[in-house]
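Numbered from 1 within each chain, the chains take letters A, B, ... in sequence-line order.
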Amino acid sequence: MCSRWEEEKKEDGVKWTQLEHRGPYFVPLYEPLPDDVQFYYDGKPLKLSLATEEIATFYAKMLDHEYTTKEIFQNNFFNDWRKEMTSKEQKIIKDLDKCDFREIHKYFVDKSEARKALSKEEKQKLKEEADKIQEEYGYCILDGHREKIGNFKTEPPGLFRGRGDHPKMGMLKKRIMPEDVVINCSKDSKIPEPPEGHKWKEVRFDNTVTWLASWTENIQNTLKYIMLNPSSKLKGEKDWQKYEVARRLKDVVHKIRAQYRADWKSKEMKKRQRAVALYFIDKLALRAGNEKEEGETADTVGCCSLRVEHIKLHPRLDGQEHVVEFDFLGKDSIRYYNKVSVEKLVFKNLQLFMKNKDPADDLFDRLNTSILNRHLQSLMDGLSAKVFRTYNASITLQEQLKALTNSEDSVAGKLLSYNRANRAVAILCNHQRSTPKTFEKSMQNLQTKIDAKKQQVEEGQQELKKAEDEFEDTKDAKAEANVEKKKKLLKRLEEQLAKLNVQATDKEENKQIALGTSKLNYLDPRITIAWCKKFGVPIEKIYNKTQREKFAWAIDMADEDFEF
DNA sequence: TTACAGACTTGGAAGAATCTTC
DNA sequence: GAAGATTCTTCCAAGTCTGTAA
């Protein structure tokens, strides 16, 4: 095992002893529009002040995005925009419908076209400039190691794009200045210089946290951080730890399950609710579901925050008994829709929890995430609701790989099995994506390829037949060699056809499933690495370069016998 | 018990880079 | 070698969960 992953013990809560960096890279200041690109109000050109113009460009850039058709987006934008206008502008610009951003929009579209059309040399030059910034600001020194930073740039100003029905969509996200930024580094390190003429908000030396810089964003008034890249030792060790907690759950999960099943009959309503909620979290991999401040964000829920309106009870449905129909918006306003047959006791309890309640009432009115997590912590050190997601995801991958992999398969066939196992997890965790815009087209292309290959296979078969006939007649060595040649050719064609068919299956099954999140965040990479080793699949077929860097710890330590 | 701040992980979309195909 | 498709990377929003204070 590489020593990089062997932890030298630090005091409780201490994350590093040395941290040195350059501070964040600040995105360039606004460049005014050329004079011939105009904004029009009520049909007439209107020269805007610099600040007003900048905000106008934020909206103009988004003109062909669906966001700008939404009333909330428009209203929020217009309100915030007006606040930044000069009083003269405020007197003129009173109606968004009379604002014409089309020329500005076109200017940016053209600009991006022009960028794409640059020559190879010009593009190379741009790349070198970006690399230089990355080299200078993109790394830090942490305990003697040079580590990559995840997000070393401050976020540019723009319009807030919340997801789902977000009440704040379209609001102005302000430009981050050095005066907003708190720097965190070690006392004896070279303290980063703020940009010329500016000061940091604060410089602190807190070695109990992992961030290098932070600021408060103005939309939700929450903190944003600059942190390390997943490839760093600090993040890698944390990731490893996460999976070790999940593996400890594996040892006690049977006991926990037995207990929550028993608690379905508890005299205490609070306990019953906790037990049913935990059953959902375990069986369906639901998220914990913290309470959220009403009206500040989109209306989404998790397990503990489910409301009566989010489930329907069916004593019988489609030949199954005790079916619960879930329909709610979860994280990122992704819809969770599922019909699940549950134990009779769970069903009865749900009926009880819903009795005399309005649709908008909490299903688990005696429960919240901190009650649940406190309970879980008492069952196992380090246990919280999300550990069940990690555990169930990883164990599912391991089981599915075991069930689906055929050692006789080609690498392509094994990869299909892997993807299917990965997919089972993504479905469990409800990781969805919108169907790619090019899906139908590329599916068709693939089918065309398959048809062509089929044709080739048939021709290959005929040619082989012909060669065999000829050998039959002549019995000479040349004809025999030809038969072998044709056999080989046919075999290759058949393999190519099989591979294409596999690809098509994989693609179709993957239409609306996003595999990335589970691969990156829920599946213990050691399971994958062990599988690769066991079945002779190169790791690069599963993990790309970035992923291999992130999972370096696992690649170092897992052998083919690893069991989650 | 609740409210809240803070720190950290998880999430899909969009943009950029690279590969494939004609 | 351009266009289109695919894959990788970046972006930043939206969760989880802990600790603290009242």
Side-chain angles (χ1 to χ4, degrees), chain A residues 13 15 27 62 65-67 112 115-117 120 123 126-127 130 134 138 150-156 158 160-164 166 168-169 173 182 184 206 208-211 214 216-217 219-225 227-230 234-235 238-239 242 287-293 296-298 300-305 329-334 368-374 376-377 382-387 389-390 393 426 429-434 436-439 441-446 448-449 503 507 512-522 543-547 549-550:
Chain A
K15 307 287 169 56
V27 292
M62 293 180 71
H65 200 289
E66 205 198 333
Y67 273 117
S112 109
R115 249 180 80 94
K116 275 183 215 151
K120 231 180 185 162
K123 276 185 185 163
L126 285 178
K127 179 147 195 307
Q134 163 87 35
N151 55 325
F152 60 89
K153 293 176 181 167
T154 57
E155 290 174 17
F160 177 76
R161 300 148 93 123
R163 300 200 256 263
H166 197 116
K168 297 192 170 185
M169 62 167 78
K173 239 178 77 166
V182 179
N184 191 34
D206 185 353
T208 67
V209 295
T210 67
W211 52 268
S214 70
T216 302
E217 55 84 36
I219 303 287
Q220 321 261 16
N221 223 262
T222 59
L223 284 158
K224 295 247 177 175
Y225 301 94
M227 287 186 189
L228 294 181
N229 186 273
L234 195 73
K235 293 285 189 188
K238 196 83 191 294
D239 208 34
K242 173 182 80 183
R287 296 187 186 81
N290 287 311
E291 298 105 298
K292 320 190 348 176
E293 214 177 328
E296 294 291 300
T297 60
T300 62
V301 297
C303 185
C304 294
S305 50
L329 296 181
K331 183 176 178 182
D332 293 319
S333 294
I334 300 283
N368 60 40
T369 53
S370 65
I371 295 173
L372 179 65
N373 279 336
R374 209 172 325 122
L376 292 174
Q377 177 64 38
L383 187 61
S384 64
K386 80 199 263 285
V387 179
R389 251 166 103 80
T390 310
C429 294
N430 199 40
H431 292 142
Q432 300 184 36
R433 62 168 182 178
S434 40
K437 284 187 273 301
T438 55
F439 184 83
K441 185 102 181 292
S442 78
M443 206 62 201
Q444 253 172 27
N445 290 345
L446 194 52
T448 313
K449 267 195 200 168
Q503 252 181 49
K507 206 182 185 94
Q512 292 181 48
I513 313 282
L515 299 183
T517 300
S518 50
K519 200 173 181 179
L520 242 44
N521 300 305
Y522 288 104
Y543 292 139
N544 68 28
K545 188 166 139 279
T546 316
Q547 296 169 155
E549 280 165 13
K550 166 166 175 160

Asker: Reading nucleotides 7-20 of chain C 5' to 3', which nucleotides get B (base under 4.0 Å from a protein heavy atom), which S (sugar-phosphate only), which -?
Answerer: -SS--SBBSBB---

Asker: Taking only residues two or more places apart in sequence, or in another chain, which ones meet A:L520 in a side-chain contact (heavy atoms from CB on, under 4.5 Å)?
Answerer: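 A:L520 satisfies side-chain contact (heavy atoms from CB on, under 4.5 Å) with A:Q547, A:K550 only.
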
Asker: Under the side chain to side chain donor-acceptor pair (under 3.5 Å) test, which residues partner A:T222, sequence neighbours left out?
Answerer: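 Side chain to side chain donor-acceptor pair (under 3.5 Å) list for A:T222, sorted by chain: A:E217.
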
Asker: Looking for any heavy atom pair under 4.0 Å, which part of the strands does A:K168 touch: base, sugar-phosphate only, or nothing?
Answerer: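 Nothing, no heavy atom under 4.0 Å.
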
Asker: Check side chain to side chain donor-acceptor pair (under 3.5 Å) between A:N373 and all other residues, then give those that pass, not counting sequence neighbours.
Answerer: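 For A:N373 there are no side chain to side chain donor-acceptor pair (under 3.5 Å) partners, ignoring immediate neighbours.
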
Asker: Taking side-chain contact (heavy atoms from CB on, under 4.5 Å) as the definition, give me every residue that meets it alongside A:R163, ordered by chain and number, with sequence neighbours left out.
Answerer: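 A:D332.
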
Asker: For A:F160, check ring-ring contact (aromatic ring centres under 6.0 Å, His included) against everything at least two apart and list the hits.
Answerer: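 Result, ring-ring contact (aromatic ring centres under 6.0 Å, His included) vs A:F160: A:H166.
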
Asker: Once you round to the nearest 0.5 Å, how far does OG1 of A:T154 lie from NZ of A:K224?
Answerer: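 Answer for the OG1-NZ pair, A:T154 versus A:K224, is 11.5 Å.
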
Asker: Between A:K238 and A:H65, which residue's closest nucleotide on DNA chain B lies nearer the 5′ terminus?
Answerer: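 It is A:K238, whose closest nucleotide lies nearer the 5' terminus.
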
Asker: Using a cut-off of 4.0 Å on non-hydrogen atoms, how would the nucleic acid contact of A:S214 be classed: base, sugar-phosphate, or nothing?
Answerer: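 No contact.
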
Asker: Classify A:K127 by what it touches in the nucleic acid, base, sugar-phosphate, or nothing, heavy-atom distance under 4.0 Å.
Answerer: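 Nothing, no nucleic acid heavy atom in range.
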
Asker: Under the side chain to side chain donor-acceptor pair (under 3.5 Å) test, which residues partner A:K507, sequence neighbours left out?
Answerer: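 With neighbours one apart ignored, the set is A:S442.
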
Asker: Excluding sequence neighbours, so at least two apart, what forms ring-ring contact (aromatic ring centres under 6.0 Å, His included) with A:F152?
Answerer: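 Result, ring-ring contact (aromatic ring centres under 6.0 Å, His included) vs A:F152: none returned.
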
Asker: Using heavy-atom distances to pick each residue's nearest nucleotide on DNA chain B, tell me which of A:I371 and A:K235 is more 5'.
Answerer: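 With A:K235 and A:I371 compared, the 5'-side residue is A:I371.
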
Asker: Between which nucleotides of DNA chain B, 5' to 3', does chain A make heavy-atom contacts below 4.0 Å?
Answerer: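 On DNA chain B, the outermost contacted nucleotides are B:dG6 to B:dT21.
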
Asker: Can you name the side chain to side chain donor-acceptor pair (under 3.5 Å) partners of A:Y543, sequence neighbours left out?
Answerer: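 Once residues adjacent in sequence are excluded, the partners of A:Y543 under the side chain to side chain donor-acceptor pair (under 3.5 Å) criterion are A:T528.
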
Asker: Using a heavy-atom cut-off of 4.0 Å across all strands, would you classify A:T222 as base, sugar-phosphate, or nothing?
Answerer: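 A:T222: no heavy atom of the nucleic acid under 4.0 Å.
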
Asker: Remember a base hit wins even if backbone is also touched, and classify A:L520 as base, sugar-phosphate or nothing at under 4.0 Å, heavy atoms.
Answerer: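 Answer is nothing: A:L520 stays at 4.0 Å or more from every strand.
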
Asker: Using side-chain contact (heavy atoms from CB on, under 4.5 Å) as the criterion, list what pairs up with A:K153, not counting sequence neighbours.
Answerer: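 With neighbours one apart ignored, the set is A:Y25.
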
Asker: Take A:T300 and A:K331 through the side chain to side chain contact (heavy atoms under 4.5 Å, CB included) test and state the conclusion after the steps.
Answerer: CA-CA 6 Å; A:T300 62; A:K331 183 176 178 182; over 6 Å; no

Asker: For nucleotides 1-4 of chain C, which of its nitrogen or oxygen atoms have a protein nitrogen or oxygen under 3.5 Å away, and what is each distance?
Answerer:
none

